[in-house]
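We number each residue from 1, following the sequence as shown.
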Amino acid sequence: LDSESRATRSIQPLLITSQYEAMTDAKAKLVDYAGKAKDATKHVSASLQELGYFEALPAFNRELVLPLKQAQTLSLKKASKELLQTLKGRPEDPEVGFSLWNVLGFYLSVIGAPIAFATGGGGLVSTISSASSIVVGYLVAYTLYWGVIVKKGKQYNLGMLVILAAYGAYCAFSTFYSIFNVPALVVFAVKTLTVMMMLINGVKLFSDRGSGVSLI
């Protein structure tokens with residue numbers, strides 16, 4: 001027993017030293033990763049700043065607060081006609097239509113957040129997930145607004161439409177996946193419709209802008 005105790009006491013300093021070195025190494029790696037992440041964030045921010053990504057934020061926020069500001073004279077009859085024309089693939093005012101449906105899409109994300117929280121059983125994970133979905137929804141809605149409405153270049157428009165189509169496919173899949181969850185089913189079904197209307201308006205804008213390949 002004495003020999004075992006002496007062996008244990010002799011090993012303990014080595015174990016402590018090894019643990020200290022491992023912690024020091026992990027801390028150094030963490031600091032290195034944090035530095036790289038900070039540099040990458042600065043680079044991305046500078047690139048977006050150069051592209052004018054942040055310049056349209058005030059205008060977009062006004063769209064969220066007053067979504068009908070571009071359509072103040074929109075009567076019920078005109079709105080019904082515009083909806084019908086959009087479903088036919090020939091929207092009369094695709095820019096206004098895209099903005100309005102985009103705003104609706106964002107608010108659907110806001111509505112969906114408490115539903116996800118309730119169906120997720122509550123708790124910290126559900127809270128973080130629900131809050132992050134609103135933030136992501138805002139970023140997506142603004143990026144689509146910037147890439148389709150603000151930027152007139154067709155390369156930006158096409159990129160946004162591809163992203164939008166992929167998101168629409170996700171919403172359509174989620175609609176069927178949520179068939180036994182009525183609140184989620186309704187939200188995803190309306191989101192799918194919203195994305196479809198945005199795509200129709202976006203494709204019309206893309207086709208009307210300058211020369212190049214037409215999508216319709």
Side-chain angles (χ1 to χ4, degrees), residues 56-57 59-71 74 76 79-80 82-122 125-151 156-206 215-216:
L57 277 170
F60 176 69
N61 290 332
R62 286 195 296 272
E63 290 279 352
L64 294 181
V65 177
L66 300 170
L68 293 176
K69 75 179 186 64
Q70 295 188 36
L74 193 65
L76 181 60
S80 301
E82 181 65 24
L83 179 61
L84 183 61
Q85 287 296 106
T86 303
L87 290 173
K88 291 180 179 179
R90 299 190 299 272
E92 293 185 357
D93 198 337
E95 188 166 309
V96 171
F98 186 91
S99 294
L100 293 179
W101 286 104
N102 189 34
V103 169
L104 175 60
F106 166 71
Y107 282 119
L108 284 173
S109 297
V110 175
I111 294 172
I115 294 176
F117 176 80
T119 56
V125 175
S126 294
T127 301
I128 295 175
S129 176
S130 300
S132 62
S133 69
I134 296 177
V135 175
V136 171
Y138 177 87
L139 292 175
V140 170
Y142 174 70
T143 301
L144 291 171
Y145 173 82
W146 175 80
V148 175
I149 301 300
V150 179
K151 304 296 286 187
Y156 292 102
N157 300 165
L158 182 59
M160 295 301 106
L161 292 176
V162 170
I163 294 173
L164 191 57
Y167 180 65
Y170 163 76
C171 289
F173 172 79
S174 297
T175 300
F176 290 103
Y177 183 77
S178 306
I179 193 166
F180 296 111
N181 184 345
V182 176
L185 173 68
V186 172
V187 170
F188 278 115
V190 178
K191 277 188 176 183
T192 303
L193 173 64
T194 299
V195 172
M196 184 184 73
M197 302 301 281
M198 290 175 67
L199 279 171
I200 294 173
N201 284 284
V203 168
K204 184 66 167 63
L205 283 170
F206 178 88
L215 297 182
I216 59 175

Candidate pair Phe106 and Tyr142, rule side-chain contact (heavy atoms from CB on, under 4.5 Å), full reasoning: CA-CA 9 Å; Phe106 166 71; Tyr142 174 70; over 6 Å; no

Would you find a donor on one side and an acceptor on the other, under 3.5 Å apart, between the side chain of [X] and the backbone of [Y]?
{"X": "Asn157", "Y": "Lys151", "answer": "yes"}
{"X": "Thr175", "Y": "Phe188", "answer": "yes"}
{"X": "Ser130", "Y": "Ala113", "answer": "yes"}

Can you tell me how far the [atom1] atom of [X] sits from the [atom2] atom of [Y], to the nearest 0.5 Å?
{"X": "Met198", "Y": "Leu193", "atom1": "CE", "atom2": "CG", "answer": "11.5 Å"}
{"X": "Lys204", "Y": "Asp93", "atom1": "NZ", "atom2": "CG", "answer": "10.0 Å"}
{"X": "Ile163", "Y": "Leu158", "atom1": "CD1", "atom2": "CG", "answer": "10.0 Å"}
{"X": "Thr194", "Y": "Leu100", "atom1": "OG1", "atom2": "CG", "answer": "11.5 Å"}
{"X": "Glu95", "Y": "Ile149", "atom1": "CD", "atom2": "CD1", "answer": "4.5 Å"}
{"X": "Leu64", "Y": "Phe60", "atom1": "CG", "atom2": "CZ", "answer": "4.0 Å"}

Residues in side-chain hydrogen bond (donor to acceptor under 3.5 Å, both in side chains) contact with Tyr170, at least two apart in sequence or another chain: none

For Asn181, side-chain hydrogen bond (donor to acceptor under 3.5 Å, both in side chains) partners two or more places apart: none

Contacts of type side chain to side chain contact (heavy atoms under 4.5 Å, CB included), residue Val135, not counting sequence neighbours: Leu139

For the student: nearest non-hydrogen atoms of [X] and [Y], plus distance:
{"X": "Gly147", "Y": "Met160", "value": "CA-CG, 3.5 Å"}
{"X": "Val190", "Y": "Leu108", "value": "CG1-CD1, 3.5 Å"}
{"X": "Pro94", "Y": "Asn201", "value": "CA-OD1, 3.1 Å"}

Output field: ring centroids Phe98/Phe206 closer than 6.0 Å: no

